[in-house]
Asker: 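The structure is given below, and queries will be raised subsequently.
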Amino acid sequence: MAGYVGQELTKLMLDLYPNVKLITTDISAPPAFIHDTNRLKPIKADLGDAAQVQSLFEGENIGGVFALQ
């Protein structure tokens, strides 16, 4: 289950920045707060796996990363 802080940060970013695109990850499938795949891309991923982390960034223009453990 995705953590409370991550969920709240995701909701806030989506509310405050209408043009932002977010990729959220969790070891189990993270919840989607909106069903707009252009703005929110929830991915089940193990961030301890370097190959999975690298694949998150392929083809994306990343402006920043929040890491909440």
Side-chain angles (χ1 to χ4, degrees):
M1 177 66 132
Y4 175 77
V5 174
Q7 289 181 36
E8 292 303 308
L9 178 60
T10 299
K11 290 175 189 175
L12 183 64
M13 297 287 289
L14 291 169
D15 287 343
L16 292 178
Y17 304 101
N19 295 321
V20 74
K21 178 182 177 184
L22 300 176
I23 300 170
T24 59
T25 63
D26 202 337
I27 195 74
S28 59
F33 301 109
I34 61 171
H35 298 288
D36 181 351
T37 57
N38 291 320
R39 295 196 62 214
L40 180 60
K41 184 177 177 182
I43 299 174
K44 179 182 175 183
D46 178 357
L47 298 182
D49 181 332
Q52 286 187 37
V53 172
Q54 184 171 346
S55 71
L56 293 173
F57 299 110
E58 290 175 359
E60 300 291 346
N61 181 14
I62 304 298
V65 173
F66 291 93
L68 306 173
Q69 284 85 11

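Quantities reported herein were computed from a predicted structural model and do not represent experimental measurements.
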Asker: Output all residues satisfying side chain to side chain donor-acceptor pair (under 3.5 Å) with Asp15, sequence neighbours left out; order by chain, then residue number.
Answerer: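 Residues passing side chain to side chain donor-acceptor pair (under 3.5 Å) with Asp15: none at all.
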Asker: Please answer: with hydrophobic residues joined when any side-chain heavy atoms are less than 4.5 Å apart, are Leu12 and Val20 in the same cluster?
Answerer: yes
Asker: Who pairs with Val5 by side chain to side chain contact (heavy atoms under 4.5 Å, CB included), at least two apart in sequence or on another chain?
Answerer: Leu68
Asker: Treat each ILVMFWY residue as a node, draw an edge where side-chain heavy atoms are under 4.5 Å apart, and state whether Leu9 and Leu16 are in one component.
Answerer: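 As far as the 4.5 Å side-chain criterion goes, Leu16 and Leu9 are connected within one cluster.
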Asker: Mind checking what makes side chain to side chain donor-acceptor pair (under 3.5 Å) contact with Lys41, not counting sequence neighbours?
Answerer: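 So Lys41 forms a side chain to side chain donor-acceptor pair (under 3.5 Å) with Glu60.
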Asker: Indicate the atoms forming the closest heavy-atom contact of Phe66 with Met13, along with that distance.
Answerer: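 Reported closest heavy-atom pair: CE1-CE, 4.2 Å.
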Asker: Run the side-chain contact (heavy atoms from CB on, under 4.5 Å) check on Asp26 and Thr24 step by step: do they pass?
Answerer: CA-CA 7 Å; Asp26 202 337; Thr24 59; over 6 Å; no
Asker: Rounded to the nearest 0.5 Å, how far apart are CG of Leu14 and CG of Asn19?
Answerer: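 Reported value, rounded in 0.5 Å steps: 11.5 Å.
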Asker: Any chance you could measure Ile34, atom CD1, to Lys11, atom NZ, to the nearest 0.5 Å?
Answerer: 12.5 Å
Asker: For a quick test of your reading: what N or O donor-acceptor pairs under 3.5 Å do the side chains of residues 42-54 make, sequence neighbours left out?
Answerer:
unit_1 : atom_1 : unit_2 : atom_2 : d
Asp46  : OD1    : Gly48  : N      : 2.9
Asp49  : OD1    : Ala51  : N      : 3.0
Asp49  : OD1    : Gln52  : N      : 3.3
Asp49  : OD2    : Gln52  : NE2    : 3.3
Gln52  : OE1    : Asp46  : N      : 2.7

Asker: Might you confirm whether atom CZ of Phe57 has over 12 heavy atoms from other residues, nucleotides or ligands at distances under 6.0 Å?
Answerer: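 Atom CZ in Phe57 is crowded, with more than 12 foreign heavy atoms closer than 6.0 Å.
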